[in-house]
Amino acid sequence: PAPRASALLPAVPAVLKKRLVKLVVNFLFYFRTDEAEPIGALLLEHCKITKEEENVFSISFLEEPERKYCFECATEEQCQEWVEALKRASYEFLRRSLIFYRNEIQKMTGKDPLEQYGISEEARFQLGAHRQ
Amino acid sequence: MKLNERSVAHYATCNSPTDHAGFLRKRVERHHVHHHGTSYQRLWFVLKGNLLFYFEERESREPVGLVVLEGCTVELCEATEEFAFAIRFDDAGARAYVLVADGQAIMEAWVKALSRASFDYMRLVVRELEKQLEEACKSLAACHKSPRRSSSGKKRHLSNPALQPPQEKPTTLENGYSTWSSGGCVAGGAPCIDHDGGQTKPPPLPPRRRSATGSATGSPAPGLTPAMLENPMSPETICFSKLHSWYGQEIAVLRREWQERQKRGHP
């Protein structure tokens, strides 16, 4: 997805800091608005994206569920876009999608779609209990 | 640069799928005005998705380093060591990682795994499969076969390419955390990544990258053209090289700080 900007507040309660936020693969980088280099990043694996009140969403992580990184967007639409994009932004999500599609295609066509890519035997693409 | 290092370390050591793991020796460069030295440090490497973590020991609780495998090439390299390969980035200022395996087969397995580890590669494959599934559905519908042919209770509508993957999906939803399946499906249904609408067209490829991609593992994917695979992400590589530098320089400090916080009973 295209890099997107939004005002946000990092996890310090009641403090709003304006940041430029960029989603790049499974990382969320944030910048002070004028700078080229990020001041921080969040790895988006094993995290939960939650829509909070209007214009606001939060990210929290598996091992520390009570700690929320809250982000306030300019509009509710932007907020929804962010939530949708972030939910799909993990490698684990992609992996599950791939396994799902592979399985569906195989059921419908009888053929393994990964064979043409030469990656059908890779362990990372196997359905959990069904394959060795 | 800040990073959610605790979550990163947790992800690195938890039981989420590991795509490859093993011992490798990593070249350590020492650059001084009067003295150059090269030595190798034996570390435990773990590949999860597009992240290559490395640990001092196999049992270490947190990694000492992390390489984000986006916008990089993996190539065999000329070195005094046998079975050496390198991870190199487009960003001119970014360091290369030279790694040495214990044997030919191990080296080849790593090069293969690392070459296909990027998020972008996965995304491409997923998009391809998504299209294939659409086409399979359409041709089934066109053949006037029973619309419920293989559904067995699924809510899939063959005429609708935007598939809903409800109960079929494994219970892990939302970025890999199963107990947080927030009341049902991922909102919006189809597990596809949105089109990179708005992403600027990548600049033409430097010749070096093409040949590197071709030679590294012998052409990653016959079905995918080189143009599809190339995704320079040059504005973003600055972010990743920053991550790499951060890890290289500050990890010892951060570990110490974290351990002190743990001792003080920080939650």
Evaluate the side-chain proximity of B:K2 to A:Y30: yes if any heavy-atom separation is below 4.5 Å, no if none is.
yes

How long is the straight-line distance from CZ of B:R127 back to OH of A:Y101, given to the nearest 0.5 Å?
11.5 Å

Kindly write out the residues that satisfy ring pair (Phe, Tyr, Trp, His ring centres under 6.0 Å) with B:Y11, not counting sequence neighbours, or none if the list is empty.
A:H46

Exercise: do A:Q116 and B:E128 side chains pair donor with acceptor under 3.5 Å:
no

Gap between atom NZ of A:K111 and atom CD of B:Q132 - 0.5 Å precision:
9.0 Å

Side-chain contact test, heavy atoms from C-beta onward, threshold under 4.5 Å: evaluate it for B:C137 versus A:E104 and give yes or no.
no

Which heavy atom of B:F119 sits nearest to which heavy atom of A:Y91, and what is that distance?
CE1-N, 3.7 Å

Which heavy atom of B:L129 sits nearest to which heavy atom of A:L114, and what is that distance?
CD1-CD2, 4.0 Å

Identify which part of B:T18 has an atom lying under 4.5 Å from any heavy atom of chain A, answering side chain, backbone, both or neither.
neither

How many angstroms lie between CD1 in A:I105 and CD in B:E135, if you round to the nearest 0.5 Å?
9.0 Å

Is there a side-chain contact between A:F27 and B:L51 (heavy atoms, below 4.5 Å)?
yes

Check the side chains of B:S7 and A:E64 for a donor-acceptor pair under 3.5 angstrom, ignoring hydrogens and angles.
no

OG/B:S139 to CE/A:M108 distance, rounded to the nearest 0.5 angstrom?
7.0 Å

Can you confirm whether B:L3 sits close enough to A:L42 that some side-chain heavy atom of one is under 4.5 Å from a side-chain heavy atom of the other?
no

The interface call for B:A117 against chain A, heavy-atom contacts under 4.5 Å, is backbone

Among all residues two or more places apart in sequence or in another chain, which pass the salt bridge (charged side-chain N to carboxylate O under 4.0 Å, His left out) test with A:E35?
A:R32

Report the distance from atom CE of B:M122 to atom CG of A:L98, rounding to the nearest 0.5 Å.
5.0 Å

Side chains of A:I39 and B:M1: does their closest heavy-atom pair fall under 4.5 Å?
no

Atom CG in B:N4, atom CZ in A:R67: separation rounded to 0.5 Å?
8.5 Å

